[in-house]
Amino acid sequence: MTHRIYFDNSATTPVRKEVVDEIMPFLTELGGNPSSRHYEGRVVRTAVEAARAKVAAAINADPSEIYFNSCASEGNNTVLRGYMMGLGRNAKKNHIITTAVEHPSIFNTAAALEKEGFEITYLPVDGKGNLNLDDLRNAIKENTGLISTMFVNNEIGNIYPVEEIGKIAHEHNILFHVDAVQAVGKIHVDVKKIGCDFLTVSAHKFYGLKGVGALFVKRGRVLKNLLTGGHQEKGKRPGTENVVGIIGMGKAIELAVAELDDEAKRVAALRDRLEKRVLEEIPFTRVVGDPSHRVPTLSNISFRFVEGEGILLKLDTEGIAVSTGSACSSSDLKASHVITALNGDPEEAHSSIRFSLGKYSTVEDVDYTVETLKNTISLLRSFSPIYDEFVNANKH
Amino acid sequence: MNYTEKVMDHFLHPRNVGKIDNPNAVAEVGNAQCGDIIKLFLRINPEGIIEDISFETFGCGAAIATSSMTTEMVKGKHIDEALLVTRDVVAEELGGLPASKMHCSNLASEALHKAIHEYKAKYNLH
Ligand code: FES
């Protein structure tokens with residue numbers, strides 16, 4: 001295959017070489033079950049526990065507070081459903097506060113809880129995708145038991161004020177869950193500073209393997225299991241461990257955090273170059289989200305008068321991978337709920353493209369993408385009825 | 001969800017795009033499902049032959065490809081013959097469309113039918 005430019009690192013990242021090297025022995029000669037008492041088992045157990053220590057260190061937790069699982073969706077489900085099931089019948093604290101811009105694994109799980117009789121408040125965001133903490137304060141009620149917010153939004157990259165939210169939560173004795181999937185490896189994540197009770201992490205967002213994640217559960221906090229079975233993960237997450245996934249995750253998070261400061265600077269410069277050139281060189285474009293509160297890797301831009309799937313497909317054939325919030329590219333033909341939440345206008349989502357850069361992005365990638373975009377957008381606009389109409393209406 | 005080669009060909013090299021000169025039948029339809037728009041421009045001669053046709057589309061790859069294919073299929077045809085072109089015919093001609101994209105195919109043929117019916121009404125051709 002010819003050189004591809006991968007600007008979809010928020011969807012997933014490729015596995016980095018050091019991770020492959022780290023897990024290789026466990027794919028070949030070291031095949032024991034970490035629960036076994038013999039040598040083969042003990043070697044693997046040691047490696048799994050070392051990985052746990054690395055994940056814990058990366059987010060300033062204690063290794064005993066880290067529970068490995070299969071992915072962030074599982075982590076998020078575990079918190080919401082585990083919280084609900086732990087309350088039992090006639091629960092008093094059956095009100096959960098979350099936001100209108102969560103990942104589907106929170107959004108749809110909250111909706112499922114609503115059907116079970118829970119009360120959910122979805123905090124709105126402003127035109128830039130930011131929360132107003134007064135909305136949060138006003139939403140808190142006698143029966144509020146849990147607040148769940150993301151640290152970083154997956155579509156627009158906004159960073160949410162989790163430390164402040166944590167403070168508010170604890171002033172009111174409310175548990176606080178943070179979905180940090182899009183934060184780890186991009187900004188510093190510190191569970192003590194945040195003051196959260198639960199925090200979700202997923203390995204494939206920072207060059208680890210797909211199919212493995214971790215849930216931080218603060219010591220003393222309990223969630224009901226989703227699964228019943230063996231004693232793995234202290235009985236909280238039964239099932240034989242995803243050994244290679246876990247070991248790879250340990251390595252990946254260790255490197256991601258060690259490289260974070262330099263890498264964030266490097267990627268931010270690339271992202272800013274991309275964004276600046278697009279805004280300057282392609283008319284009727286604008287940034288979706290808040291450029292002053294954003295992770296360094298992401299830029300979401302709307303290209304007025306053209307539809308996102310068309311842009312995506314065209315770029316794909318030119319060797320560039322991006323994603324879109326357009327209704328046309330979602331299976332249910334609904335525009336991105338995140339971008340729609342910004343201004344209530346599905347039109348913006350329709351034309352939005354997310355560029356998520358990463359470790360392997362280069363300045364050449366950025367410049368080639370801008371040049372390709374210029375052609376793509378003007379071509380698609382050349383037969384866009386709404387562009388035509390706009391041009392005619394503005395002909396004086 | 002993958003597009004056939006034919007869909008990709010029409011998407012990447014759309015035929016009959018833009019506006020033709022002196023159209024005498026124009027129709028625009030919008031899609032309530034995902035908010036897309038297609039506009040067709042036709043020039044129909046007194047014998048009822050579609051002499052020229054073009055489109056403008058704001059929509060996904062399938063919407064653009066079906067618009068392109070529709071114009072290609074009816075160009076040079078009599079309007080009554082053109083009315084036989086439906087979303088299924090267009091989709092079939094493209095080698096099939098993903099199920100979730102059939103409504104886009106609908107859009108193009110709907111615009112075609114609307115343009116022809118309006119033309120007929122205008123000239124009392126019923
Ligand atoms: S035009 Fe929206 S899905 Fe095809």
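Given the structure is predicted, the values throughout are model-derived calculations rather than measurements. The chains referred to below are lettered A, B, ... by the order of the sequence lines, with proteins before strands, and numbering in each begins at 1.
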Legend entry - For chain A, which residues of residues 66-84 of chain B have heavy atoms nearer than 4.5 angstrom: none
Inset, instruction - Go through the atoms of I37(B) and report whether side chain, backbone, both or neither lie under 4.5 Å from a heavy atom of chain A. - result: both
Inset, instruction - Report the distance from atom CZ of F58(B) to atom SG of C328(A), rounding to the nearest 0.5 Å. - result: 7.5 Å
Inset, instruction - Identify the residues of residues 98-115 of chain A whose heavy atoms come closer than 4.5 Å to a heavy atom of chain B, ordered by number, or report 'none'. - result: none
Inset, instruction - Look at atom CD of E92(B) and say whether more than 12 heavy atoms of other residues, nucleotides or ligands are closer to it than 6.0 Å. - result: no
Inset, instruction - Given side chain to side chain contact (heavy atoms under 4.5 Å, CB included), test F383(A) with I64(B) step by step and report yes or no. - result: CA-CA 9 Å; F383(A) 56 86; I64(B) 292 168; 3.8 Å; yes
Legend entry - Region of Y387(A) that comes under 4.5 Å of a non-hydrogen atom in chain B: neither
Inset, instruction - Measure distances from E389(A) to the heavy atoms of chain B and classify the residue's part below 4.5 Å as side chain, backbone, both or neither. - result: side chain
Legend entry - Closest-packed option against chain A by number of heavy-atom pairs under 4.5 Å, given G61(B), G59(B), G18(B): G59(B)
Legend entry - Minimum side-chain heavy-atom gap L313(A)-L12(B) below 4.5 Å: no
Inset, instruction - Please name all residues satisfying side-chain hydrogen bond (donor to acceptor under 3.5 Å, both in side chains) with K210(A), sequence neighbours left out, ordered by chain then number. - result: T12(A)
Legend entry - Residue T317(A) versus chain B: region with a heavy atom under 4.5 Å: side chain
Inset, instruction - For residues H350(A) and D36(B), determine if any side-chain heavy atom of one lies less than 4.5 Å from a side-chain heavy atom of the other. - result: yes
Inset, instruction - Anything in residues 273-284 of chain A with a heavy-atom distance to chain B below 4.5 Å? Please list those residues in order. - result: none
Inset, instruction - Considering only NZ, NE, NH1 and NH2 on the basic side and carboxylate oxygens on the acidic side, decide whether E309(A) and K101(B) come within less than 4.0 Å. - result: yes
Legend entry - NZ-CD1 distance between K39(B) and I386(A), expressed to the nearest 0.5 angstrom: 11.5 Å
